[in-house]
Amino acid sequence: MTTTRYIARPVEPSALKQLRETDDAGRGCVPYADEEGGAPLRCCLRLSKAGERIALVSYAPLRRWAAETWARPGAYDEQGPVFIHDEECGGPDPAADGYPFARAGALRTVRRYSADGRIVGGRLLEIPDDTTAGFDAAFDEAFADAGVALVHVRAVEYGCFHFEVRRYAGTQVRQLEAIGHRP
């Protein structure tokens with residue numbers, strides 16, 4: 001098993017409940033059976049399996065984080081398509097290996113945000129063969145800047161939000177270390 005230094009955060013359960021009714025663009029959820037499988041599910045951070053019931057919804061991760069933290073992202077607020085299960089799924093597998101959707105050679109944008117929700121930088125990441133080391137290095141680089149509060153990972157091809165990583169401090173660090181994570 002490959003231990004990551006950072007925690008990839010799925011879409012929060014409370015947000016998923018809302019998205020399964022009405023998405024962040026105001027549209028109703030339209031579930032369907034995924035005939036082929038392979039859709040990147042943001043509720044459980046794994047690829048869908050053929051036959052699973054999923055939905056493609058519009059999600060605004062920065063807006064939801066800002067509502068939780070009182071940040072004011074202004075024009076940096078954006079929304080985009082994400083796949084989710086059409087019903088509650090239990091979230092990510094705690095024994096999952098490495099970072100989600102990490103395919104060597106794939107291109108990702110690693111976008112950095114300040115505590116007030118402004119973009120403060122980012123970089124293109126071509127995922128290397130050692131996918132975990134590649135993501136860890138990109139997150140180390142991002143969080144070396146004390147002004148970075150969180151990072152969003154997005155697919156370059158479609159611009160889709162994949163997952164979020166947050167800066168942890170104090171008690172949170174000790175709790176994470178207790179379960180085997182080294183933020």
Side-chain angles (χ1 to χ4, degrees), residues 1-25 27-65 76-113 119 122-139 142 150-166 181:
M1 181 170 159
T2 306
T3 302
T4 61
R5 287 202 301 265
Y6 299 89
I7 295 177
R9 298 172 56 93
V11 176
E12 294 289 333
S14 59
L16 289 167
K17 185 176 181 179
Q18 294 168 0
L19 293 169
R20 289 180 179 121
E21 295 295 322
T22 305
D23 72 11
D24 288 344
R27 291 186 291 269
C29 183
V30 181
Y32 65 95
D34 184 0
E35 294 180 16
E36 296 178 18
L41 297 164
R42 289 9 173 266
C43 48
C44 54
L45 300 179
R46 67 167 176 80
L47 298 177
S48 65
K49 298 173 186 163
E52 284 189 294
R53 301 247 338 136
I54 65 174
L56 181 62
V57 299
S58 183
Y59 176 58
L62 192 61
R63 180 184 315 158
R64 288 180 177 272
W65 172 80
Y76 293 105
D77 178 32
E78 59 186 324
Q79 63 192 33
V82 297
F83 290 98
I84 61 173
H85 276 113
D86 76 327
E87 293 183 356
E88 191 174 326
C89 66
D93 178 354
D97 196 23
Y99 291 102
F101 321 123
R103 180 178 40 83
L107 299 175
R108 299 289 181 259
T109 298
V110 180
R111 191 177 298 160
R112 306 167 192 175
Y113 294 91
I119 294 175
R123 66 170 284 201
L124 178 65
L125 173 66
E126 182 174 351
I127 302 174
D129 289 337
D130 185 341
T131 61
T132 298
F135 272 112
D136 280 344
F139 299 145
L150 75 153
V151 172
H152 285 175
V153 174
R154 294 177 177 270
V156 171
E157 304 91 333
Y158 300 101
C160 300
F161 171 83
H162 275 212
F163 62 90
E164 177 180 287
V165 174
R166 294 185 184 179
H181 286 278

Tyr99 side chain vs Tyr6 backbone, donor-acceptor pair below 3.5 Å
yes
Heavy-atom closest pair (Leu125 atom, Ala138 atom, distance to 0.1 Å) is CD2-CB, 4.3 Å
When every non-hydrogen atom of Ala55 is compared with those of Tyr32, the smallest separation belongs to CA-CE2, 4.2 Å
Taking every heavy atom of Ala60 against every heavy atom of Asp77, the minimum-distance pair comes out as CB-OD1, 4.1 Å
Do Arg154 and Pro61 come close enough that some side-chain heavy atom pair is under 4.5 Å?
-> yes
Between Tyr113 and Tyr76, ring centroids under 6.0 Å: no
Within the distance-only criterion (no hydrogens, no angle test), does the side chain of Ser48 pair as donor or acceptor with the backbone N or O of Gly38 below 3.5 angstrom? yes
Quick one, Phe161 and Leu62 - any side-chain contact, counting heavy atoms below 4.5 Å?
no
Between Gly91 and Cys44, the two heavy atoms sitting closest are O-CB, 3.4 Å
Residues 101-111 vs salt bridge (charged side-chain N to carboxylate O under 4.0 Å, His left out), sequence neighbours excluded, gives Glu78-Arg111, Arg108-Glu157
When every non-hydrogen atom of Leu16 is compared with those of Val11, the smallest separation belongs to CD1-O, 3.5 Å
Between Leu19 and Cys29, the two heavy atoms sitting closest are O-CB, 3.7 Å
Below 4.5 Å, heavy atoms only, C-beta onward: do Phe163 and Pro10 meet side chain to side chain?
-> no
When rounded to the nearest 0.5 Å, the distance separating OG1 of Thr132 from CG of Asp97 is 6.5 Å
Sequence neighbours excluded, the answer for side chain to side chain donor-acceptor pair (under 3.5 Å) partners of His152 is Glu164
With His85 as partner, the option from Arg20, Glu52, Arg42 fulfilling side chain to side chain donor-acceptor pair (under 3.5 Å) is Glu52
So salt bridge (charged side-chain N to carboxylate O under 4.0 Å, His left out) across residues 80-93, not counting sequence neighbours, yields Arg53-Asp86
Q) Hey, what's the ring geometry for His162 with Phe101, parallel, tilted or perpendicular (30° and 60° as the breaks)? A) perpendicular
* Given side-chain contact (heavy atoms from CB on, under 4.5 Å), test Thr4 with Phe135 step by step and report yes or no. => CA-CA 9 Å; Thr4 61; Phe135 272 112; over 6 Å; no
side-chain contact (heavy atoms from CB on, under 4.5 Å) between Phe139 and Val153: does it pass, once the steps are laid out?
CA-CA 10 Å; Phe139 299 145; Val153 174; 3.8 Å; yes
| query | Side chains of Pro31 and Ile54: closer than 4.5 Å at any heavy-atom pair? | reply | no
Item to complete: Find out whether Arg9 and Arg166 are in side-chain contact, i.e. whether some heavy atom of one side chain is under 4.5 Å from a heavy atom of the other.
Response: yes
Exercise. Ile84 versus Tyr59: any side-chain heavy-atom pair under 4.5 Å?
Worked result: no
